[in-house]
Amino acid sequence: MTLFAWITLLAPLMAAIYLTIKPDVRRSASAPNIAIASVAVCAFTSLLFLVSGTELKSLWTWMSFPWDGGTLDIEIGVQVDNLSKLMLIVVGFVGTPIFFFAKGYMKGDPSIGRFFAKFALFVFSMLGIVFATNFLMIFIFWELVGASSYLLIGYYYEKPSACEAAKKAFLTNRVADFGFLLGILLIWSIAGSFDFDVIAQAVQDGNLAGESWKLSLAGVLIFVGAMGKSAQVPFHVWLPDAMEGPTPVSALMHAATMVAAGVYMVIRAFYCFGAEFGVASDFIVMTGAVTAVLAATIAVVQTDIKKVLAYSTLSQLGYMVMALGAGYYAVAMFHLTTHAFFKGLLFLCAGSVIHGCHHEQDMFKMGGLRKKMPTTFWCFTIGMLALTGIPFLSGFFSKDLIVDALHKRHFGGLQLVATATAGLTALYMARSWYLTFFGAYRGHAEPHESPKIMTRPLQFLAVFSAALGAIFYFGGGQEYLSAWQGPGTSPLHIDPTIAITSTVVVLIGYLIAWSFYGKGQTDKGASLAHRFSPVHDLLVNKYYIDDFYLWLVGSIQQGFARFCRLVEENFIVGILVGWPTRFTLWSGDKLRGLQSGRLNFYAYCFVGGVTLLVVFFILAGAQ
Amino acid sequence: MNEWNIGLAMPEWILAISALVALFLDARTPYHRKEGVGNAVWIGVIVATLWSIMQGFGLDGKEYAFRGRYGLDAFSVLFKVIFGITAMFVMAMSDTWLKRVDRGHGEFRLLTIFATMGMFFVASVEDFATLFVALELITVSFYCLTAFKRNDVRSIEAGIKYIVLGALASAFLLLGIAFIYGATGSLLLRDLASSGAADQIGHAGGALLQFGVLLTLVGLGFKIAAVPFQVWTPDVYEGAASPVTAFLSMGSKAAGFVLLLKVVRACLGPMADSGLAAASSWGALIALLAGLTILYGNLGAMWQGNLKRLLGYSSIGHAGYLLMGVMAFNHAGFTAILYYLMAYLFTVLGVFAVVVLVNGLTKSHRVDDYAGLGRTNPFLALVLTCGLLSLAGVPPLAGFFGKFLIFRAVIAKGTVVAYSLAAVGSLGVVVSMYYYLCVVKRIYMHEAPENGPMKTISGISRPMMAVLWICLIGIFVLGFFVQPFMSLAEQAASALLAG
Amino acid sequence: MSWLSIVVLVAPLIACGRILFMKEESDADRDRIRQTAIGWSTVSLVASLAMFLLFDAGATERYQFLVEIEWVESIGLGLILGVDGISLAMVVLTSIVIWTGCQVSRSITDRVKEHYILLMALCVGVFGVFLSIDLFFFYFFYEMAVIPMYLLIGIWGSRAAKYSKEYATMKLTLFLTTGAVVALIGLLAVYFEAGRVGGVYSFDMREIAKVTFSDSFQITWFPVIFLGFAAIVPLWPLHSWSPIGHAAAPSSVSMLHAGVLMKLGAYAILRIAFDSLPAGAEHWMGWVGLLCCMNILYGGLVAMAQRDMKFIIGFSSSSHMGYVLLGLATMNMLGLSGAVFLMFAHGIMTALAFGLIGWFYEQTHTRVVDDLGGMLKVLPFAGTCFIIMAMASAGLPGFANFASELLVILGAWKSEFVLAGTGMTLPGWVPTMAAIWGIVISATYLLRAIRDAWLGPLNPRWSELKDVTSRKHKTPFVALILVLAVTGCFPSLLVNKIKDGVGKLRVMQSAPVQEEARR
Amino acid sequence: MTVGHMVTLAGVLFTLGIMGVISRRNILVVLLSVELMLNAAALTFVAFSNWHGNLDGQVMVFFAIAVAAAEVAVGLAVVIALFRLRVTVDADQVSMLKQ
């Protein structure tokens with residue numbers, strides 16, 4: 001089994017390397033197949049692990065140093081436990097259909113080999129995070145995920161916006177990683193190890209009792225890392241822009257897996273801290289709430305179908321983070337899992353729509369696609385219903401449990417926020433549903449249904465989106481993850497009051513959407529936007545946060561850089577180096593002025609020199 | 001010690017005889033057929049040098065001639081060989097140079113051999129009378145050589161400056177010798193050595209002696225171009241003919257250092273041995289002069305557009321480094337000086353050989369006119385570059401090891417003065433790197449102007465080619481295969497210290 | 001097998017001599033010269049790799065592959081060659097960079113003979129430094145490397161923004177010389193003090209390492225030696241020669257310069273200053289911990305404001321060398337090993353960077369990113385290499401830079417920087433934060449450079465450019481990337497040897513004692 | 001007349017010579033002044049020779065005179081060469097070589 005785990009990890013890497021150095025593969029159809037095979041390995045092993053109930057941990061010493069009388073081992077390893085098995089299933093079973101979809105979506109792209117190389121590299125990095133046994137390993141793959149995300153967002157590199165988005169994503173994550181790495185270092189100095197199990201053991205044994213504030217600080221710092229990947233406010237700005245990448249990329253990375261990696265990592269990390277972690281939870285839960293609301297409100301005014309889904313993703317990540325803050329890690333993981341499937345599905349549907357409309361992404365140039373693309377329509381509908389939490393579809397279970405968790409933790413206000421956000425979710429999802437699939441077609445090119453290779457994955461995911469929540473909830477998913485429950489929590493059950501309340505709120509959301517955009521009409525929405533134009537502007541401009549960052553980076557940081565350059569050119573080169581140089585040259589010039597060329601003066605110098613020597617001699621002799 | 005032992009001075013005899021033969025031949029031949037004179041001079045110098053080498057092999061301790069006024073030890077043999085080689089190189093250069101001059105071939109060669117004879121004597125000096133006469137023999141020959149281009153006012157100007165200042169220096173030297181004589185009653189260097197320490201015991205002669213030594217050092221300081229007696233150097237270097245400048249920069253300077261070392265050892269050696277306070281103030285004085293000399297030479301050289309003038313300034317700088325070795329005043333210091341001079345021999349003469357050749361083509365000494373040398377004359381460019389870099393002290397070239405030994409000797413003192421001097425010396429190294437590289441830059445990085453005079457030089461005479469090759473190889477050999485030369489220098493330094 | 005160290009050193013020397021007597025009249029001649037140089041550099045490469053494989057990391061003796069030749073007995077000077085874990089890494093680095101550099105400089109067609117002679121002379125110097133265990137020869141080779149560099153940049157270089165190549169190369173040479181001479185004074189002081197205290201006047205580092213100097217001597221002389229060598233690292237604010245030097249140099253030379261020569265300084269500090277004056281290092285390195293933050297942040301910020309690619313990489317080098325200095329300042333196992341490893345990694349990475357930039361400068365005759373744009377379209381191979389380089393430089397895991405910077409950061413985090421003379425202590429997290437923030441900055445300017453030059457719409461001016469196509473032109477770039485990736489994925493290969501060398505440094509051995517004393 | 005007197009006289013002569021060298025523009029006069037200095041030194045020799053009662057000093061004087069003569073001879077020859085070229089013996093007129 002250990003070998004299987006390693007193969008699972010390394011197969012996508014091999015595929016990536018092979019596809020990078022073998023450019024001739026890209027002409028044939030084999031490039032996607034190689035990549036698909038490497039992901040399918042993951043799907044297969046995840047099932048294998050799940051069925052066999054494997055638990056294992058295998059380590060490889062990456063570097064080792066004599067340290068503090070002992071040794072410090074920096075290790076790379078694979079760890080299979082219930083948490084990572086669940087995550088493996090997500091990666092494998094969302095990843096494989098998306099890879100199939102991508103094969104169809106990217107067909108005809110001249111550098112499809114390059115695409116799949118990067119895509120496989122991403123899967124490798126993601127699996128590294130899933131399998132990680134210690135903080136350094138998770139950090140390593142964390143960075144790799146960031147880099148593959150950069151490469152994939154910037155896949156259409158001739159588009160300036162894509163390059164810009166890629167850069168933004170990478171840098172935002174880097175800033176967040178600043179906190180992450182500091183957190184790791186802090187834990188290292190507290191616990192003396194990077195290994196999750198060792199740290200957890202140390203916490204359980206109470207060895208770190210005196211370090212609780214440091215532990216909390218470390219928790220917050222590590223959470224900052226997660227805020228980067230999981231795009232929590234204020235690090236959320238990169239995610240909507242990341243939609244510049246090809247749609248399968250958005251589906252797999254920026255909806256299903258990569259952004260969820262933050263949540264996964266926090267669960268892994270906080271499990272270590274055990275009871276010691278507590279003070280920071282308010283911070284986390286607030287972050288989640290703010291993100292959820294902020295994103296949901298922005299999503300309401302988006303026109304780009306992928307952007308709507310992107311903000312929706314942000315919002316849902318906010319839910320997960322709220323669950324984390326509440327200490328219900330299993331619930332967060334539950335929502336992560338269900339979200340991965342239905343959001344992956346929604347993105348693939350969007351991709352299918354975009355593909356069908358000849359790479360048109362503006363919803364106001366679509367409409368009436370229900371007839372033209374029936375499979376896509378039905379799949380999208382299932383995904384939407386699952387997302388909005390219509391009873392007994394998967395979103396219903398996971399989201400309600402989060403609200404319940406907030407309730408249990410007495411975050412009364414946040415419970416309201418979460419519920420309201422559910423209504424907003426329904427509003428913007430229904431809006432995009434109506435705009436895309438109903439009414440008359442407003443675009444130019446003739447839309448068409450996507451080929452089988454793209455619709456089959458949709459159907460596959462749709463089934464899971466619908467059923468997974470129930471399977472997880474009734475199949476004992478929370479008990480399966482009981483080892484990862486926060487302190488003082490236990491598996492939750494659907495609370496009828498909460499379920500009914502939120503269902504009603506969701507239905508209201510649908511109703512509002514129907515009243516403005518029903519049958520694909522657009523004018524009512526436009527007039528409303530006109531009437532509340534300040535609010536609309538605020539939302540369209542994403543609360544001006546991006547502009548603020550732009551100013552921060554463009555003016556402040558760049559100004560600072562220019563200042564440093566000025567210092568370099570004027571102070572360092574001009575004064576520190578320039579003055580001694582000029583003084584030397586100047587003194588040389590003055591000295592040679594002594595050589596006046598006049599004989600008498602030369603004799604004068606000579607005799608003067610002798611006189612000085614004699615004076616020196618007398619003075620020295622007198623002492 | 002008191003025997004005449006005339007045979008010991010055979011190299012000088014040979015030189016004298018060949019000079020006389022040359023004089024005779026010169027009087028008998030028309031002005032355009034002076035090959036005979038040349039041959040006589042060549043034979044004289046070669047035989048004398050070989051004879052000195054033979055003497056070196058058979059040498060055992062120190063031998064005296066002329067009743068103790070002439071001595072021969074490892075030190076003098078080493079310098080005789082150095083002077084002999086210098087003279088040969090200079091003669092090779094002057095053969096090339098003289099082709100551009102229509103008159104005075106005979107005189108030029110005669111003056112060269114006279115100066116060489118003076119240098120040979122200098123290496124064996126044991127008393128002040130010999131010292132003075134030998135030195136003046138060199139100096140007066142150089143007066144004539146400097147002003148040799150009598151139709152060139154620059155040459156004449158250089159000559160006048162050299163004569164007046166040289167005579168001034170001679171006067172100080174003579175006065176100094178007189179005071180030393182007054183203090184000790186003897187002209188023999190070894191008497192000075194024996195009385196140097198004794199004179200400190202409250203004797204009135206002590207001050208007189210030290211004053212005399214000071215004035216002697218003034219006279220010698222002029223020869224080696226140490227601050228504050230350096231003013232003549234750039235002008236004379238620039239005005240004199242290139243072979244003469246080469247001879248001045250190597251022969252005359254080395255002769256000055258030979259005498260300086262002998263006087264300093266005779267005078268300060270006993271003082272330093274007995275650990276007297278005066279020794280340290282002499283040390284400080286020399287350190288001060290060394291530092292100033294280094295700074296003056298190197299800083300002044302930065303602005304020079306004329307290569308010979310630049311070399312003049314740099315020659316002042318090198319005098320400063322050599323004085324650092326004097327300041328160290330120990331076996332290591334003397335070894336360093338000797339090694340430095342050996343390295344300097346190949347280095348500076350290699351440079352001047354190229355200068356002579358290039359001047360023949362471009363009729364210019366401007367640094368700018370060396371542009372494109374690297375492309376037109378790769379070999380000359382290589383020799384010149386290696387020479388300049390060796391002057392700058394870059395490994396694996398000869399100058400580097402010399403400088404290293406000098407620094408080593410100074411830092412061995414471990415005093416604040418020594419460290420400060422080393423710091424000044426290192427500043428000088430950096431500055432010198434700058435101006436030497438400025439020349440190298442012209443050679444390799446600038447292109448010769450279209451239709452400019454810079455072309456490939458053909459028809460380099462065989463002796464000249466030999467000079468270039470020997471210098472090039474010498475520069476590398478002395479920079480890397482140090483041991484044999486190092487032991488030569490060490491033996492000579494031991495001989496000097498032994499008295 | 002000790003003859004291997006001679007082979008490494010002598011192979012370029014032979015090449016030098018061989019090329020000196022080759023003629024350069026036709027293109028065939030030029031090719032022959034190139035082949036000779038590449039051939040002999042391959043000999044060095046093979047020999048150094050053999051050394052790498054045969055090096056016994058657990059051995060008791062410190063130096064292996066020892067060769068001792070008496071040179072000047074009377075002053076205790078001998079040509080002693082050998083390697084420990086630290087110099088082994090540097091020798092391998094040098095041989096790789098030189099091997100690739102020789103291949104990259106195929107594009108030079110003017111005065112090929114002189115070019116390769118000087119390049120090989122430079123190699124002799126650099127190898128000599130890393131192989132010498134004798135202070136004199138260490139210095140000898142160190143200085144020897146300077147002049148070929150001067151000529152190489154001055155003759156085959158190109159203009160660096162507003163500075164002419166002559167200016168750039170002169171500045172570089174003078175800085176290096178100044179540093180070297182200052183260090184020489186320090187070295188000689190150590191030599192004599194060792195003689196006075198230990199009784200043996202010897203330039204042999206092994207002898208000097210046996211001597212324990214008084215604390216006051218160490219505290220006085222450590223700064224002299226350190227600053228002398230720190231100018232080459234280059235420590236802020238002594239760095240101003242390095243970016244313009246990089247920018248002006250032809251590609252093979254900037255590869256060697258940034259890749260290897262800058263490492264000479266850090267290596268010298270480690271090998272000489274740390275080994276002979278451990279207490280001095282202990283006393284002063286706290287300040288270096290502070291100054292290197294300036295290196296990291298300031299270098300990065302200035303790089304951010306540059307538009308010329310070579311300047312960007314040039315300033316980034318000075319930023320990255322800040323990490324090396326930080327690693328040195330930590331004075332612990334992780335930091336020092338990380339510093340050495342980073343020297344290796346950065347060497348390979350910048351060699352790759354300058355090789356690439358030089359290559360496309362020859363195609364486009366511009367390095368200003370604003371003139372470029374969308375180049376990836378026409379130059380997919382070069383662009384991919386460049387992006388890989390930038391990623392490595394920005395600290396992407398999988399490349400050696402990440403592993404080494406991580407070690408430096410870990411080391412710095414656990415270290416304390418005592419600011420001698422002020423009574424203050426800089427806690428480890430301050431430089432660590434600077435270091436981590438430096439990674440963010442480096443990602444910023446590198447990604448911006450990538451975006452401006454390689455991505456975006458293609459500037460129509462360049463639509464006719466030809467990519468690297470032939471295998472022989474691709475080889476050096478691929479080789480460098482492979483080295484980066486292999487050492488990045490399997491750092492133990494190299495780190496095991498480095499840590500052996502670091503562990504045998506005197507600083508490491510005396511550290512616990514001094515810590516106890518401090519308590 | 002003691003040795004002191006003679007040395008003082010020599011000193012005065014020497015100083016006079018120095019003054020001449022420094023202040024006079026005419027090269028002939030400068031050469032004369034140098035001659036004066038050399039002779040002052042010779043006088044010192046004689047004085048000390050007398051004082052010590054050995055002849056070494058007086059022998060030295062002969063050398064000194066001979067050398068001085070040689071120097072002056074060369075000097076005059078060069079001055080003549082200068083006069084031929086520039087029709088001047090003013091030292092200030094020959095200052096092409098400088099800086």
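The sequence lines fix the lettering, A, B, ..., with proteins before strands; numbering per chain opens at 1.
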With only heavy atoms counted, which part of [X] is less than 4.5 Å from chain B, the side chain, the backbone, both or neither?
{"X": "F141(C)", "result": "neither"}
{"X": "F175(C)", "result": "neither"}
{"X": "I147(C)", "result": "side chain"}
{"X": "I75(C)", "result": "both"}

If you tally heavy-atom pairs under 4.5 Å against chain B, which of [options] wins?
{"options": "Y142(C), Y191(C), W156(C)", "answer": "Y191(C)"}
{"options": "L79(C), V181(C), V146(C)", "answer": "V181(C)"}
{"options": "T177(C), V72(C), V124(C)", "answer": "V72(C)"}

Taking all heavy atoms of Y150(C) and all of L437(B), pick out the closest pair and write down the distance.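 Shortest heavy-atom separation between Y150(C) and L437(B) comes out as OH-O, 3.0 Å.
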Which atoms of [X] approach chain C - backbone, side chain, both or neither, heavy atom under 4.5 Å:
{"X": "Y434(B)", "result": "both"}
{"X": "F480(B)", "result": "both"}
{"X": "L427(B)", "result": "neither"}

If you count heavy-atom pairs within less than 4.5 Å of chain C, which of M486(B), M433(B), K403(B), H446(B) leads?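 Between M486(B), M433(B), K403(B), H446(B), the count favours M433(B).
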By the side-chain hydrogen bond (donor to acceptor under 3.5 Å, both in side chains) test, which pairs, at least two apart or in different chains, include something from residues 482-492 of chain B?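 Found E490(B)-S74(C).
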Where does the angle between the aromatic ring planes of [X] and [Y] fall among parallel (under 30°), tilted (30 to 60°) and perpendicular (over 60°)?
{"X": "F138(C)", "Y": "F229(C)", "result": "perpendicular"}
{"X": "H318(B)", "Y": "Y340(B)", "result": "tilted"}
{"X": "Y139(C)", "Y": "F400(B)", "result": "parallel"}

Examine the side chains of Y435(B) and N298(B) and answer whether a donor and an acceptor come within less than 3.5 Å of each other.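 A donor-acceptor contact under 3.5 Å links the two side chains.
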From the options L322(B), L323(B), V424(B), select the one residue that forms a side-chain contact (heavy atoms from CB on, under 4.5 Å) with T293(B).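 For T293(B), the side-chain contact (heavy atoms from CB on, under 4.5 Å) test succeeds with only one of L322(B), L323(B), V424(B), which is L323(B).
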Using the ring centroid of each side chain, check whether W221(C) and F213(C) are separated by less than 6.0 Å.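 Ring-ring flag for W221(C)/F213(C): false, centres at least 6.0 Å apart.
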